[in-house]
Every structure is written in structure tokens, then in C-alpha cells.
Protein chains: 2
Amino acid sequence: MKTDPELRLVEEHLRRSGFRWTSQRALIVRTALGTHEHFTAEQLLQLCRRLDPDISRATVYRTLQVLEAAGFVAGLDAGSGGRRFEHVIGHADHEHMVCEACGAIVEFHEPGLARRLLGAAARAGFRVARHSLRVYGTCRDCARRGGGP
Amino acid sequence: MKTDPELRLVEEHLRRSGFRWTSQRALIVRTALGTHEHFTAEQLLQLCRRLDPDISRATVYRTLQVLEAAGFVAGLDAGSGGRRFEHVIGHADHEHMVCEACGAIVEFHEPGLARRLLGAAARAGFRVARHSLRVYGTCRDCARRGGGP
DNA sequence: GTGCGTGCAAAATATTTGCAACGTC
DNA sequence: GACGTTGCAAATATTTTGCACGCAC
């Protein structure tokens, strides 16, 4: 099995924070990290169950809380159908475009944006922990198909 | 009662879109616009009930769906305890810094940001309608007082 | 008058919690 | 061995829906 440095990073951090590292948590974290899409708690549960059919829904929810508090996972703007999550590691410095026609979420990278935010914040005496940028509109396909607004 | 131009704007738009303008919708929109920051559906319901104790939870939910589709209200990253919403009107061309220690919300303006977003989006074939940028961290006062993270 | 919108209550979803057993430190 | 974690099931919380009636258009 691939030794995933990101997995190690999470393990390291959780241990240092006084959390225990269990096979369930490893599975959940590995699954979350390996999921490129944005997922709901339920979807993550189903993915995990492919490898461990006995894992409990409650464990997934509880682990997501831990991971969110630790900053390894972040909640997204949810339409209906439950909260969406994404893992944060390795996703540094990217933003999200949300297509309002088809619901697709496209990631994009805007170089230097983070630096400029830090600069603007520093001028206001603000210490930045993280940020959330979301661009709403119409994606290429929907614009072509429907014409859009 | 104050004639709220933003309220008029919403009414105008909804009417034009074929929705009916009812006393309940007026109350919900007025309340949402008058609410400073994020609220859950339940909180909005309680606020509305101070003025109309008979308004139904379902009506608030249904109206929120309409307002969200129309772009007057947007879903936020939800912690636990249900989706959070915020109203969108009047938020043009400035961004928000949110202090996680005291809850203060500081607005700031980052010149050229909108232009760069449009550029990045255009490269991806994305047509931008609006965006939402939120910077989370510690404000000057809280950093000085508590030290922060 | 024609429907959309509303209220109510019930249904469907989503999330949290109590507790005994279990596994990590 | 102590104590955080897990699974299960039940409890809560949140959101949606069916239906009869009322109101905006």
C-alpha cells in the first residue's frame, strides 16, 4: 500500500493533538484524501465501506468533526442534500468556481492571490488563518448550451 | 415603515421572474436584509415570527430556495447546526475579513481583484456572475489581547 | 377564475448522542 | 490499566413534501 506522506502528516498532527490513531481514522483520512471530488458525509461513508463494510456512520461523522477542527477538511457551501466537504491538504492556493446552471464545481488557481490577501490583511492588522473564495456563474458547457443569463 | 430600496429591488426582480409578492415574502426578505450576518433557516424563522407569529417554517425554507436561486441570498460554509445564509445585496466590490475570536467582520477592498477573477474565469470558459471572498483569522485587537493561534 | 403560495402535519434526510465493548497509548 | 474510540440504535435536528385552502394576479 502506498505510503502517503499526506496521510502521515495528518496522523502526526492528530497524535500531537492528543487524538488516537485508529484503523478507522486511517481509512477515513486516506479515503478523504484520495477523493478528488467534494463529498458528503454519506458518500464518504459509502466509499469507506468498500474497504471496511463494518465502519459506522457515526464514526465518519465524528472523524469529520475532528478533521475539520484540525483544518484538514473544510465544509463547502452546500446546496441541498447535506454538507459537502473537501480535503484541504495539497489543495493549497486554489479557489472554486461554482456553475449555477449544472452545479459543477471547478477549481482554478490564481497566482499571487493569497499573497495579496495577506498584504491587504496585514495593512488592517489582521492575521489570516485561511480564506474562502467562491466565484459563481456559468461554466463553459452550460454557457454554450443554454446561453446563460 | 422605512421604504427600503433593496427590498424594492428584490420585489421587482421576483415579480419580473414570475414569482408572486406576498406579505410573507416581504417579511422574510426584509428580515433577511436587515440581519447583519449569517443566519440559519431556523433563526430567520424565529426573527420573522417576532413580527408574524403565524408564519410557517416551510414558507421560510421555500422562500429561501427562491431567494437563493435568484441570487439575493447565498449559502455559506456551514459549521454544524444547519446551513447558514447571508444576504448578498449591497456587497459589491468589497470583501470580508472575519475574526474568529470576536466575530467582528471587517470589510476591505482589494483593487483589481475582480478583474483578475474575470481573467482567470475567462481562461476556463467560465462566465462570472458574482463572487464571495471571505478571509478568516484574528483581528488586530484579538491578536493583541489573546495572542491568537 | 386560475394557479401559485401558504400553513399544517407528516415524511424524509441528516446529524448527534448514550452506552457497553474495544483498542491505543 | 486508563481512557479515548467505535458500533449500534435511538434521539435530535434539519429540510422537504402532500394536501386543502387562500390570495395575488
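Order of the sequence lines fixes the chain letters, A, B, ..., with proteins taken first and strands second; residue numbering starts at 1 for each chain.
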- Item | A/Y61 side-chain N/O to C/dT16 phosphate OP1/OP2 under 4.0 Å | no
- Message: Do B/I28 and B/L64 make a side-chain contact, defined as non-hydrogen atoms from C-beta onward lying under 4.5 Å apart?
- Response: no
- Query: For B/V60 and B/A41, which heavy atoms make the closest approach, and how far apart are they?
  - Reply: CG1-O, 3.8 Å
- Query: Do the side chain of A/Q46 and the main chain of A/Q43 share a donor and acceptor less than 3.5 angstrom apart?
  - Reply: no
- Message: Which residues pass the side-chain hydrogen bond (donor to acceptor under 3.5 Å, both in side chains) test with B/R15, not counting sequence neighbours?
- Response: B/E11
- Note on the structure: Bend of the helix from C/dG1-D/dC25 to C/dC25-D/dG1 from end-axis comparison, five pairs per end, nearest 10°, comes to 50°
- Residues in contact with DNA chain D, drawn from residues 16-26 of chain A - heavy-atom cutoff 4.0 Å: A/F19, A/R20, A/T22, A/Q24, A/R25
- Message: Any donor-acceptor pair, under 3.5 Å, between the side chain of A/R62 and the base of D/dG4, if you only look at N and O atoms?
- Response: no
- Message: Test of understanding: clusters of I, L, V, M, F, W, Y form through side-chain heavy atoms closer than 4.5 Å, transitively. Do B/L51 and B/I55 belong to the same one?
- Response: yes
- Note on the structure: On a heavy-atom basis, the closest approach of A/A32 and A/F39 is CB-CZ, 3.9 Å
- Query: C/dT13 P sits how many Å from B/R83 CZ, rounded?
  - Reply: 17 Å
- Item | Length of the CD-P vector between B/E42 and C/dT13, whole Å | 21 Å
- Task: Let me know the distance between CG of A/L14 and P of C/dC25, rounded to the nearest Å.
- Result: 11 Å
- Message: Just the rounded figure in Å: distance from P of D/dT6 to CD1 of A/I28.
- Response: 7 Å
- Message: What verdict does the side-chain contact (heavy atoms from CB on, under 4.5 Å) test give for B/H13 and B/R8, after you've listed the backbone C-alpha separation in whole Å, the side-chain angles of each residue and the deciding distance to 0.1 Å?
- Response: CA-CA 8 Å; B/H13 182 102; B/R8 287 297 184 79; over 6 Å; no
- Please name all residues satisfying side-chain hydrogen bond (donor to acceptor under 3.5 Å, both in side chains) with B/R50, sequence neighbours left out, ordered by chain then number. none
- Query: Rounding to a whole Å, what distance do you find between A/L64:CG and C/dA14:P?
  - Reply: 14 Å
- Query: Listed by chain and number, what are the side chain to side chain contact (heavy atoms under 4.5 Å, CB included) partners of B/R25, not counting sequence neighbours?
  - Reply: B/F19, B/W21, B/T22, B/T63, B/V66
- Message: Please tell me if A/Q65 has a side-chain N or O lying less than 4.0 Å from either OP1 or OP2 of C/dT16.
- Response: yes
- Task: Taking the six-membered ring for Trp and the single ring otherwise, decide whether the centroids of B/F72 and B/H87 are under 6.0 Å apart.
- Result: no
- Query: Quick one: is D/dC25 close enough that its OP1 or OP2 comes under 4.0 Å of any side-chain N or O from B/R15?
  - Reply: yes
- Query: Distance-only, no hydrogens or angles: does the A/R83 side chain make a donor-acceptor pair with backbone N or O of A/T40 under 3.5 Å?
  - Reply: no
- Task: Scan residues 44-58 of chain A against DNA chain C and write down, sorted by residue number, each residue with any heavy atom closer than 4.0 Å; if none is found, say none.
- Result: A/R57, A/A58
